[in-house]
Amino acid sequence: MHNFIYSLRILFKNKILIFWTFAFPILLGTFFYMAFSNIEDSEKLDRISIAIVENEAFENRQIVKEAFEALSDEEGLFNTIYVEEKKEAERCLANDEIIGYLFVEEEPKIVVKTSGINQTILKATMEEILQMESIIQVKIEKRMQESLEQGIAFDLTQDFFKQMAMDIRNAFEEEVSIKDISSSHLSYTMIEFYTLIAMACLYGGILGMTSINQILPNMSHTGKRISISPASKGKLILSSVCASFVTQLLGIFLLFLYTIFVLKVDYGNKFPFIILLAFVGSLAGLSLGIFIATCLKANDNLKTSVIIAVTMLGCFLSGMMGITMKYVIDKNVPILNKLNPASMITDGFYSLYYYDTFDRFYMNVGSLLLFALLLIGFSMYQLRRQTYDRI
Amino acid sequence: MQKTIEVKNLTKKYKTKKAVDHLSFSVLEGEILGLLGPNGSGKSTTINCILSLLHFDEGKITIFGKEMKPNAYTIKKEIGVVFQEVAVFDELTVIDNIDYFCGLYIKDKKIRKDYVMDAIKLVGLEEFTKYYPKQLSGGLLRRLNIACGISHKPKLIFFDEPTVAVDPQSRNNILDGIKTLREEGATIIYTTHYMEEVEQLCDRIIILDKGKVIASGTIDELKALSSIEEKISVEGIVLEKERIEEIRKWEYVEAVRYENSILVVTYKKGKNNLTDLMDYFREKKIEYNKIFSERPTLNDVFLELTGKELRDSYA
Amino acid sequence: MTVFKTFLKVLNKNKFIVILYSVILVFFGFSNMQTKEENTNFVSSKPDLFLMNEDEEVGLTKHFIEYLDKNTNIKNIEKDQIDDALFYRDINYIIYIPKNFRQDLLNGKSPEIQVKSTGDYQASFAQLLLEKYIKVASIYQKMGFSEEEIIEQMNKTFDHKVNIEITSTLDTDRLENVVFYYNFLSYSMLAGCVYIVCLLLSSFKNEKIRKRTIISSMNDRKYNRILLFSNGLFALFLWLCYVVLSFVLLGDILLSTHGLLIVFNSFLFTICALTIAFVIGTIVSNKNAINGIVNVVALGSSFLCGAFVPMEWLPKFVLDIAHLLPSYWYIKTNELVKTIEKINIDTIRPILQNMGMLIVFIILMILITNFISHKKNRRN
């Protein structure tokens, strides 16, 4: 208990440690928030700005004209400006005010600057209108044929034509019964924040490493002093590790609070499981720290660098610097992410958020536990030693 | 008297190099034993072996009559160590540092509080209890280092060069503290390469070189080992080579050294040497600033025994 | 020479970090490099789709699948991975064709179709395609055509294509890759270069070593100049490595005027990164703190200025803040170069302005460094 309390105090006093485990994840989270808050909105279909050259040929294409009018109203797909001259439209295109313009000569023509999804939508819409025209054509032909067979004179009045066009348009506007059964939790930027939690968990290892180093005689002067005391080594290690674990959990807890209430990150609603995962994840981080502290013969700085590098690499592979990275790895080199604790943590959160079943979640928690136990076990084997060859 | 520590045949190898070579000695209860030796002679290694920090290749170490092992907690309880390096937590204040290390030995909070205060008084850090180690000067830091090592009132204390690079005021404070500890009944092992400290402090001295004991005994015993009886130093003198050769040929002269206008002549027997030398200078009309005669110091003994200076240079 | 040699030794001890950042850069550059063919023709975007067909693949159902195949990329994915694929936008849309799809259409009923969608552009487009098919099919069905006739009429209808003309002659895809790589380079450069230079500076400016060098016979000015030169050389070397790497990864497009502009821009940025490193190196001497500061500076600049996330996706307030960072001007230049059709005085002006901003930053950083070190020296 004595050692536990002092270990806590020592950890909290270490500004650099506190920076990495407390402040850095929060800072990074804020960066994520700033950078990603718009991504998904910007992926939604915005109104597409286009121009139409209002020449005589366009005025004559009744159906095209009406269709674009309908599509350019308040809720329409397009934000359309009508220009008198082709040159004006060209100018707008050059200045990126519009993505393309419609110019009707004999046949309608679309002019765009580059390929792209908006341009494709413009093209598809135009084609749909042309196809509508063709359907009307088919219908008229069929009607004429029927009239001919029945021996009735068929006469194409303006009204009939209009009625026909209306029918087809209505048919086009009719709702098709499509049922969207996708999960409501589709916000993939959440992965960023999950990797962030993973990072914070693993950085917690630095805490574990520091507190272990302080009591090992071959790592620090204080360690020498401690190990000549009659305090049992096992108890010392346990209490120091506990102190760093508590500190780490506190950091994770703060990060959760910050991301939930300030950055509005959605962790889904299975709260006990989230806590379980954060706990196991922190344990994995701790075990990594202890492992590196005991098994790597190097100074403190290098060890910290190694933990940071391992963590960053793990987070990179689990999608911190590019969300799809994790998917790419999962698909092509699944073994890599099965060994990567950052990915296990991220995937655990993801499975809680996105899936309704728990199989995948338990799988992740299980492998994290295994990871932690293996590393701790190995470290214990190293720590059992009481005397050293060299100090 | 009882033997507090007994080291028999201790051998420690770093790869193939022997750092400690079949070393045997013992420490008697209540004495201050000085462990002397040049850099790399195996002093710290010996201490680390006694403390079971290092494992050694051969030999046996008994403390208070029992074999020392890493888990010999009853023995460890009675040992205090002041390491050469300052081993304190930068993150804790002076008082917290002492309390932390004391707490590793003493569970009872009340007793511990008194002990911590005693230790602070002993090293004279009363005014600095709330300071952090970074705010302390080198000397004060050393004192804190000592307080951390002895706060639990051990019966056996190791001091590993506690006064390296310490200002005179702090050094005196430290030395006084060590004497007080001995008066309170502790056995002390003291390693250093400051001669004056050893002469002032130690009852018995062991001289180590290359991991072996090359001499041991009280100061007087050691000095008796030396063939020198008198040493005369002359400062601010200009001498030609022939003069030095002349002096070297005199009877009883053991050695002559001349460097940076300082002449040091050592004699095997001390009889009218000083007057002889002064007469010689007067006759030859050689001028000098200062001349003095002294009994050989431990350093001279050491020089004779090992062919090395204890310290790399005099500060 | 001794100073320079020591410099190399310190560098050698820290090479791991530099390699790490470089590997990340290459990894990123490579992962984005789905070698697209050179094209200046219009290519329709095709949403990525996954199909679950529970109906028999005959008649209208077969035709529907063919239709989708023509207009979308139907992906082949393991069934248990489709949810992941949707989440990570590997596919945009999943269509479950129900058992009675064909019968419903032929009976004039609208079949109920289940879908999963990412809700982005591509998914909306996929939905548009799906709806169109069902509408057109039901219009023809209502006209009383038989199944074969419906299919025939639909093929005719869908044959109506629109003429599309593309004005840009720029090879945007490959330039896109170049810009992506070079934007990301700003991170690697900031992180790697600043970290190393700060570390070296702090090693050399460590108070005790500093004192030792001051009392040594080496001229202080000369000493500083050698240090500056060594650091500059290191930055230059790193830059050169990255440029060579980009040639390997991206090819000869870098030799075009556009490419060379971007390369030159990255050179300016390298110098800027170097000066930033000097500022940080002069302020901070604690090696542990440097690691933290470098991470915050590099990641912050990269996130806020669009090195990781394309600039056009960043919220406006973030971009406003980003104006204060050199990375912003660097990345902005790259983005501008990408869109410029022909390089002439008019189009190059904004680029020169951005580069000017970088130079302003460089000068500013040098001034700050001088100011701080001057103050520090006096205090000592």
Side-chain angles (χ1 to χ4, degrees), chain A residues 16 19-20 24 27-28 31-32 34-39 42-45 93 107-117 120-121 123-124 126-128 130-131 134-135 138-139 142 168 171-172 174 176-182 186 188 301 308-309 316 321-324 327-328 330 354-355, chain C residues 20 24 28 31 42-45 83-84 86-90 110 112-122 124-125 127-128 130-132 134-136 139 143 153 156-158 160-168 172 287-289 291-292 295-296 299-300 303-304 308-309 313-315 318:
Chain A
I16 284 159
F19 169 79
W20 282 113
F24 186 65
L27 260 170
L28 200 57
F31 289 150
F32 285 164
M34 287 171 116
F36 295 117
S37 55
N38 245 7
I39 280 200
S42 65
E43 279 187 349
K44 299 259 160 58
L45 209 49
L93 184 63
E107 279 300 309
K109 193 169 97 182
I110 287 172
V111 182
V112 294
K113 214 170 173 181
T114 58
S115 307
I117 181 71
T120 307
I121 288 171
K123 173 173 175 272
M126 191 60 226
E127 274 170 7
E128 195 169 313
L130 290 181
Q131 287 157 7
S134 90
I135 293 170
V138 172
K139 198 161 182 182
K142 193 151 194 272
I168 305 285
F172 260 85
E174 210 172 85
V176 177
S177 63
I178 289 175
K179 199 172 153 208
D180 195 332
I181 54 164
S182 44
L186 265 169
Y188 70 95
N301 269 340
I308 290 176
F316 165 70
M321 285 102 176
I323 297 158
T324 42
Y327 178 72
V328 171
D330 277 344
Y354 186 53
Y355 284 98
Chain C
L20 179 76
I24 289 182
F28 260 83
S31 70
F42 187 84
V43 204
S44 296
S45 298
D83 280 329
D84 283 353
L86 188 73
F87 188 87
Y88 287 106
R89 294 358 182 214
D90 192 25
S110 177
E112 191 182 282
I113 295 170
Q114 291 189 326
V115 296
K116 282 184 177 177
S117 149
T118 51
D120 55 15
Y121 280 67
Q122 305 276 2
S124 305
F125 183 48
Q127 181 140 348
L128 224 67
L130 166 65
E131 284 174 359
K132 188 166 94 180
I134 291 172
K135 282 168 187 167
V136 173
I139 289 171
M143 283 188 214
Q153 287 298 341
K156 264 195 222 157
T157 305
F158 294 140
H160 283 270
K161 294 282 181 210
V162 68
N163 282 326
I164 194 150
E165 188 186 302
I166 196 157
T167 58
S168 172
T172 43
K287 283 186 190 176
N288 291 315
N291 207 341
N295 264 291
V296 171
L299 286 172
F303 271 114
L304 300 190
F308 298 152
V309 179
W313 290 354
L314 293 175
V318 172

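Naming convention: chains lettered A, B, ... in sequence-line order (proteins, then strands); numbering from 1 in each chain.
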Rounded to the nearest 0.5 Å, what separates atom [atom1] in [X] from atom [atom2] in [Y]?
| X | Y | atom1 | atom2 | answer |
| --- | --- | --- | --- | --- |
| A/K179 | C/E112 | NZ | CD | 5.5 Å |
| A/I121 | C/Q122 | CD1 | CD | 8.0 Å |
| C/K135 | A/Q131 | NZ | CD | 12.5 Å |

Steps toward side chain to side chain contact (heavy atoms under 4.5 Å, CB included) verdict (C/N295, A/F19): CA-CA 11 Å; C/N295 264 291; A/F19 169 79; 5.9 Å; no
Per-residue contact mode, A/F31 against chain C (heavy atom under 4.5 angstrom): both
Which bit of [X] comes within less than 4.5 Å of chain A, counting heavy atoms only: side chain, backbone, both or neither?
| X | result |
| --- | --- |
| C/L304 | side chain |
| C/L299 | both |
| C/Q153 | side chain |

When only pairs under 4.5 Å are counted, which of [options] shares the most heavy-atom pairs with chain A?
| options | answer |
| --- | --- |
| C/V318, C/V296, C/V115 | C/V115 |
| C/L314, C/L128, C/D90, C/L130 | C/D90 |
| C/T157, C/D84, C/N163, C/L86 | C/D84 |

N/O donor-acceptor pair under 3.5 Å between A/Y354 side chain and C/D83 backbone: yes
Closest approach of A/M34 to C/P315 (non-hydrogen atoms, all atoms of both residues):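 Between these two residues, the closest heavy atoms are O-CD, 3.2 Å.
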